[in-house]
Amino acid sequence: MNIVVIGSGGREHALAKRLISEPGVDKVSVVPGNAGMLDDNLTLVTCNIKDKTDLLNKMEQIKPDLVVFGPEQPLVDGMGEFLEEKGFIVLGASAAAAQLEGSKIFSKEFMFRNDIPTAAFETFNSYELALEGLNSWDVETSGIVIKADELAAGKGVVVTWDMKEAQKTLYDFFMNPDCPVNTKRVLFEKVLKGVELSAFALMDGNTFITLGYACDYKRLQDADKGPNTGGMGCFTPKSWPTDNTKSQIDERVFRPVVEGMKKEGHPFKGILFAGLMIDNENVNVIEFNIRFGDPEAQTLLPLLEGDLSKAFDLAARGELSGFENKLTLSNEASVHIVAASGGYPAMDGKPMNLDNPISIEQLEDATIFFAGVKEKDGKLVNSGGRVLGVTCTGETIEKAREAAYRQMEKINFDGMIYRSDIASGSDGR
Ligand code: AMP
Ligand code: GLY
């Protein structure tokens, strides 16, 4: 099979590296990919993936049997169905189905219509109405979650117990031209209690296969301090979710999504990422994403056993039924640690420390996935916030973590930052 992976980050590196390792796959092109992927028998194809003409030209040159989309934005923009209309086989949601991630309000209303457990919410279409609406929320006692409706790269959600901060958030989201989030609609949500878990399923529009579970560390610094990031590390918990929780996730979350989206006329095809809050055995959905997580993909893919390229191809064609038991997770644990550039996540206009050569002594039991890197004067340098990540697997979380930190110590670039507490608690957290 000749496969294209669309995207350029660590998640796409993990997808591409996995796919090229399978016997049925001859070629994987990453479009556009990054310079850190060059050593892995992968082909990089320069392309502006926002430009339909450029994307189509490149696909006509590559002639892939299957196109796998990594990130959400091109799917929200309709690039998946555009390629499908041109005759390509695509794993990725249509623009209508991508609203599950692209519009938080669509997503919440879908959950309510389909009886998927989630926090109670209210929506507001203007600053004035939202400000007035705040008065009926007991912010100081019970807290409130304020979400901008649109995709906002992790910046459009504020959880607070402070009325003044809630009011300021509304001003920022609706009125403040200097705020990176700019919305016409917000959603207020009750604060959920529990432990966060990312759960993944492969869907073909009719049925699904559960791919696995992982815990992501969103804050920049140890002990969950500092600003929100795209994810600074990740691990697969071993003693939970329990079987009961897993079956709730399948039956109360994944199945109603696949059935509800089909019933409502936009079947979901691709990877569904359910961001969950687990409180004892109680499962609630925080959000849906229409793609693999980053760094959850780098953490989970090394544990996934079976013919993933075949599963992706079947899902893209709507023929996944019958393949359910052919993808399984190994019993090992997996730990992933991200190295970022100094200054990441670059808030308040502060620059990041970029363009520094990266030195790596590769250890045998570790896998390195590259994200914000480029080649400069024949050397790999850091060119973005999250630069690379290291994944190690092992019999126990502790063994996987120790190996990952051993590898981290053999990587260096000026300004490099990483958390030292990934997967270090009891059962990881
Ligand atoms: P989202 O972009 O919807 O995933 O929200 C970003 C983060 O905000 C989540 O990972 C949670 O940590 C937090 N969050 C969002 N919604 C809630 C909620 N209803 N209760 C508690 N925390 C939430
Ligand atoms: N790691 C969270 C995400 O991919 O959105």
Side-chain angles (χ1 to χ4, degrees), residues 7 9-12 14-15 69-73 75-76 100-108 111-112 116-123 137 139 142-161 166 169 173 181 183 186-200 211-220 224 226-236 271-279 282-301 336-338 340 345 369 371 385-386 389 391 419 422 429:
R11 165 185 52 210
E12 288 74 30
L15 282 164
F69 276 82
E72 67 283 3
Q73 190 68 57
L75 295 169
V76 171
L100 271 183
E101 176 168 1
S103 164
K104 291 197 183 288
I105 294 178
F106 172 91
S107 186
K108 286 293 275 193
M111 288 186 236
F112 266 77
I116 296 172
T118 188
F121 74 107
E122 262 188 290
T123 61
W137 284 67
V139 176
S142 310
I144 189 168
V145 187
I146 302 179
K147 298 186 177 181
D149 187 36
E150 293 88 1
L151 281 182
K155 298 193 175 81
V157 178
V158 170
V159 185
T160 184
W161 278 259
T169 300
F173 284 3
V181 180
T183 191
V186 292
L187 188 148
F188 293 173
E189 230 180 85
K190 281 203 168 157
V191 179
L192 294 165
K193 285 197 276 286
V195 190
E196 283 189 52
L197 180 73
S198 307
F200 299 89
L211 297 176
Y213 317 90
C215 295
D216 178 22
Y217 290 74
K218 289 210 168 78
R219 298 294 185 124
L220 181 71
D224 291 332
N228 249 329
T229 70
M232 294 300 291
C234 192
F235 72 97
T236 52
I271 291 168
L272 186 80
F273 168 166
L276 305 172
M277 191 72 90
I278 312 286
D279 187 15
N282 209 358
V283 175
N284 268 290
V285 177
I286 296 174
E287 63 162 354
F288 288 126
N289 297 308
I290 52 148
R291 52 174 173 80
F292 229 131
D294 184 342
E296 286 93 333
Q298 297 93 305
T299 315
L300 269 180
L301 285 172
H336 180 84
I337 305 164
V338 171
F369 299 111
R386 290 189 293 176
T391 298
R419 279 181 65 153
I422 303 299
R429 192 119 228 183

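Worth knowing before you read on, the calculation uses all heavy atoms, side chains too, and leaves out hydrogens, waters and symmetry mates. Numbering of ligands and ligand atoms starts at 1, following listing order. This one's a predicted model, so the numbers in the text were calculated from it and none came from an experiment.
When each atom of ligand 1 is checked for a heavy atom of Glu189 under 4.0 Å away, the hits are 16 (N), 18 (C), 19 (N). Close contacts between ligand 1 and Met277 involve ligand atoms 21 (C), 22 (N) [criterion: under 4.0 Å to a heavy atom]. Atoms of ligand 1 found under 4.0 Å from any heavy atom of Lys147 (numbered from 1 in listed order, with element): 3 (O), 15 (C), 16 (N). Listed by number with element, the atoms of ligand 1 under 4.0 Å from a non-hydrogen atom of Glu196 are 9 (C), 10 (O), 11 (C), 12 (O). Less than 4.0 angstrom separates some heavy atom of Gly230 from each of these atoms of ligand 2: 1 (N), 2 (C). Atoms of ligand 2 found under 4.0 Å from any heavy atom of Gly293, numbered from 1 in the order shown, are 4 (O). Counting the atoms of ligand 2 from 1 in the order shown, those under 4.0 Å from a heavy atom of Glu296 are 1 (N), 2 (C), 4 (O). Within the listing of ligand 1, atoms 1 (P), 2 (O), 3 (O) sit less than 4.0 angstrom from a heavy atom of Lys104.
Residues Leu276 and Val283 approach most closely at CD2-CG1, 4.1 Å, considering heavy atoms.
Note on Lys147 versus Glu287: no salt bridge recorded, every NZ/NE/NH1/NH2 to OD/OE distance being 4.0 Å or above.
We find the CD-CZ distance between Gln73 and Arg291 to be 11.0 Å, quoted to the nearest 0.5 Å.
At a 4.0 Å heavy-atom cut-off, ligand 1 touches Lys190 through the backbone alone. Under 4.0 angstrom from ligand 1, the non-hydrogen atoms of Val145 all belong to its side chain.
Using the six-membered ring where Trp is involved, Phe188 and Trp137 have ring planes that are perpendicular, over 60° apart on the 30 and 60° scheme.
With hydrogens left out, the protein atom closest to atom 5 (O) of ligand 2 is Arg291 NH2, 2.9 Å, a heavy atom. Among all non-hydrogen protein atoms, the one lying nearest atom 2 (C) of ligand 2 is Asp216 OD2, 3.3 Å.
Side chains of Lys108 and Thr118: a donor-acceptor N/O pair is present below 3.5 angstrom, by distance only.
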